[in-house]
Structures are given as structure tokens and as C-alpha cells.
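What you are looking at is a predicted structure, and each value in this text was computed from that prediction instead of being measured. Start at 1 with the first residue, then count along the sequence.
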Amino acid sequence: VLAAFGRIWVGNIAGDTQTVYFSDLLRGSDFTTGSAGYLNLQEVFPNGDNIVAIAAHNGFLVIFGRNNTAIYANPIDTSALVLQDIIYNVGCIARDSVQNIGTDILFLSDAGVRSLARVIQEKSLPMNDISKNVRDDLMANIASEADLGKVKSIYHERDAIYLLSLPTTRFVYCFDTRSRLQDGSARVTIWDSLE
């Protein structure tokens with residue numbers, strides 16, 4: 001569920017993992033009249049990818065599948081809602097790993113923590129791996145997680161840190177988002193044995 005652009009956006013309703021429903025403008029409980037409607041991602045995501053998370057960033061609606069990411073433009077006026085871009089083979093594996101950090105969105109993919117950065121001049125969406133320097137250990141710990149639904153994250157704006165908590169392995173990865181290293185990754189501190 002996402003509240004953004006004057007609407008409520010909902011995915012994974014009653015086992016339907018490929019449709020995002022949206023409410024009427026400024027009427028969050030009305031999903032049947034006015035400008036309410038739905039997006040069928042079966043037509044967008046290949047091979048029946050499932051919706052994992054929904055986010056808003058920079059005037060775009062971002063829909064994360066497990067294996068792909070779709071970006072829609074004009075989410076305020078749903079009559080002009082259009083698929084802006086799709087990023088194949090990069091999705092989100094844990095819904096609660098998605099955090100909007102103001103200038104970017106961070107999320108956990110099947111290859112580590114990623115950054116979705118929009119480059120306005122080039123109108124492209126490069127993917128940045130901010131966990132590059134700890135990826136092997138992080139992915140080994142992710143593989144040990146019994147339930148990815150219990151993986152949680154938070155962004156602490158004052159300290160500019162993104163925390164990713166893995167409850168089964170009891171690790172918390174702390175990514176410093178203030179400035180990137182030369183390879184584009186973030187400085188990382190790993191806290192262990194945390195309940």
C-alpha cells in the first residue's frame with residue numbers, strides 16, 4: 001500500500017500479485033468510481049513477475065516486482081498515466097527494504113542493496129549497487145533468512161543512514177548515504193548479534 005499523489009495505491013490483493021489498484025483522487029476509500037482504476041502488470045512484467053513493493057519518487061510511481069521494476073509517469077492524472085521505463089532483471093525481494101531517502105530510493109534486490117537514481121539530463125535510470133563491498137556476506141546472510149517478509153529497513157535522515165535488519169541471522173547493515181566511495185558503493189558498518 002502506498003499513499004501518494006492524492007491516491008491510495010494497492011497491490012497484492014486477494015492473491016492477485018500482478019495488479020495495482022488505485023483510488024479516486026482525494027478519496028482514498030473509493031476504488032470503484034471517479035478516476036479510480038488499476039494497472040495490469042501482466043502486460044508489463046515478463047514471465048508473470050509478482051508485485052513486491054510500491055514507491056513514489058520525483059513525481060514517478062515506482063512498482064517493484066521481484067525480478068523487474070516499472071516506473072510510471074503522470075500518476076496524479078491517471079488518464080495520462082504512462083509507463084516511463086522498465087528495468088528488467090532488477091527487482092525487490094523484500095517489501096520493507098524500500099526506503100525513499102529524499103534524493104533516491106534504496107531497496108534490497110537479489111544482488112544486494114540497490115539505489116534507483118534518476119538522471120534527469122539523460123532520462124535514464126541507472127542502477128547503483130551500494131552494497132558492492134559487502135555483497136557476498138550480505139547475500140549469504142539473506143539466503144539464511146527464513147522469511148524475507150521479516151527483513152526490515154529504515155532511513156534515519158538526521159544521520160543519513162539506511163539500516164537493513166536481518167532477524168534470522170541477527171545482523172544489521174548500516175549504510176552511510178552521505179557520500180559515496182569512488183566505486184559508487186556506500187560505507188558500511190555491520191552490527192551483529194542483535195535481537
Side-chain angles (χ1 to χ4, degrees), residues 1-4 9-20 41 45-57 62-71 87-117 126-181 183-195:
V1 175
L2 172 72
W9 306 82
V10 183
N12 201 5
I13 299 296
D16 181 359
T17 60
Q18 296 179 328
T19 306
V20 172
L41 292 166
F45 287 158
N47 304 321
D49 198 0
N50 296 328
I51 298 165
V52 174
I54 308 170
H57 181 64
V62 182
I63 301 173
F64 293 99
R66 182 163 174 79
N67 301 307
N68 304 284
T69 303
I71 294 119
I87 303 167
Y88 295 106
N89 302 317
V90 178
C92 178
I93 62 172
R95 180 195 69 194
D96 295 332
S97 70
V98 177
Q99 293 294 326
N100 190 322
I101 65 169
T103 58
D104 206 347
I105 294 179
L106 301 182
F107 62 97
L108 180 62
S109 76
D110 61 1
V113 176
R114 298 280 188 151
S115 160
L116 178 70
M127 302 302 299
N128 299 310
D129 183 358
I130 70 165
S131 63
K132 186 184 312 183
N133 295 324
V134 293
R135 183 185 315 123
D136 293 343
D137 290 337
L138 173 63
M139 295 320 296
N141 288 326
I142 292 293
S144 299
E145 285 299 314
D147 181 3
L148 289 176
K150 293 184 178 181
V151 171
K152 306 292 182 196
S153 71
I154 191 167
Y155 176 67
H156 191 261
E157 184 176 7
R158 186 184 67 195
D159 294 326
I161 57 173
Y162 169 83
L163 299 175
L164 182 68
S165 172
L166 310 178
T168 302
T169 58
R170 301 184 330 175
F171 281 100
V172 174
Y173 287 79
C174 175
F175 295 91
D176 182 354
T177 64
R178 280 193 185 111
S179 63
R180 299 283 174 90
L181 299 173
D183 64 359
S185 65
R187 288 180 178 81
V188 183
T189 304
I190 302 170
W191 303 331
D192 63 1
S193 303
L194 294 177
E195 294 294 334

Please name all residues satisfying side chain to side chain donor-acceptor pair (under 3.5 Å) with Thr177, sequence neighbours left out, ordered by chain then number. none
In Å and rounded to the nearest 0.5 Å, what is the CG to CG distance from Asn133 to Leu181? 6.0 Å
In chain order, what residues pass the side-chain contact (heavy atoms from CB on, under 4.5 Å) check against Asp49, with sequence neighbours excluded? Phe45, Arg66, Asn67, Asn68
Indicate yes or no: at least one non-hydrogen side-chain atom of Phe64 is less than 4.5 angstrom from one of Ile105. yes
Look at the side chain of Thr69 and the backbone N and O of Val90, then say whether any donor-acceptor pair between them is shorter than 3.5 Å. yes
pair Ile51-Asn12: side-chain heavy atoms closer than 4.5 Å: no
Determine the interplanar angle of the Phe171 and Tyr173 rings, folded into 0 to 90°, and report it as parallel if under 30°, tilted if 30 to 60°, perpendicular if over 60°. tilted
Got a sec, which pairs hit salt bridge (Lys or Arg N to Asp or Glu O under 4.0 Å) with one end in residues 9-18, sequence neighbours left out? none
Would you say Asn128's side chain and Gly184's backbone share a donor-acceptor pair under 3.5 angstrom? no
Mind checking what makes side-chain contact (heavy atoms from CB on, under 4.5 Å) contact with Asn47, not counting sequence neighbours? none
Checking Tyr162 now: which residues fulfil side chain to side chain donor-acceptor pair (under 3.5 Å) with it, not counting sequence neighbours? none
Quick one: list whatever passes salt bridge (charged side-chain N to carboxylate O under 4.0 Å, His left out) with Arg135, sequence neighbours left out. Asp129
Would you please name every residue forming a side chain to side chain donor-acceptor pair (under 3.5 Å) with Asn50, sequence neighbours left out? Thr17
Identify, with sequence neighbours excluded, every residue that meets side-chain contact (heavy atoms from CB on, under 4.5 Å) alongside Thr189. Cys174, Trp191
Under the salt bridge (charged side-chain N to carboxylate O under 4.0 Å, His left out) test, residues paired with Lys152 that sit two or more places apart: Asp96
Residues forming a side chain to side chain donor-acceptor pair (under 3.5 Å) with Thr168, sequence neighbours excluded: Glu145
Tell me whether the count of non-hydrogen atoms from other residues, nucleotides or ligands lying under 6.0 Å of CD1 in Ile154 goes above 12. no
CZ of Phe107 to CD1 of Ile130, rounded to nearest 0.5 Å, is 10.0 Å
Sequence neighbours excluded - salt bridge (Lys or Arg N to Asp or Glu O under 4.0 Å) pairs with any residue from residues 157-179: Arg170-Glu195
How would you list, by chain and number, every residue that makes a side-chain contact (heavy atoms from CB on, under 4.5 Å) with Ile13, sequence neighbours excluded? Val10, Tyr21
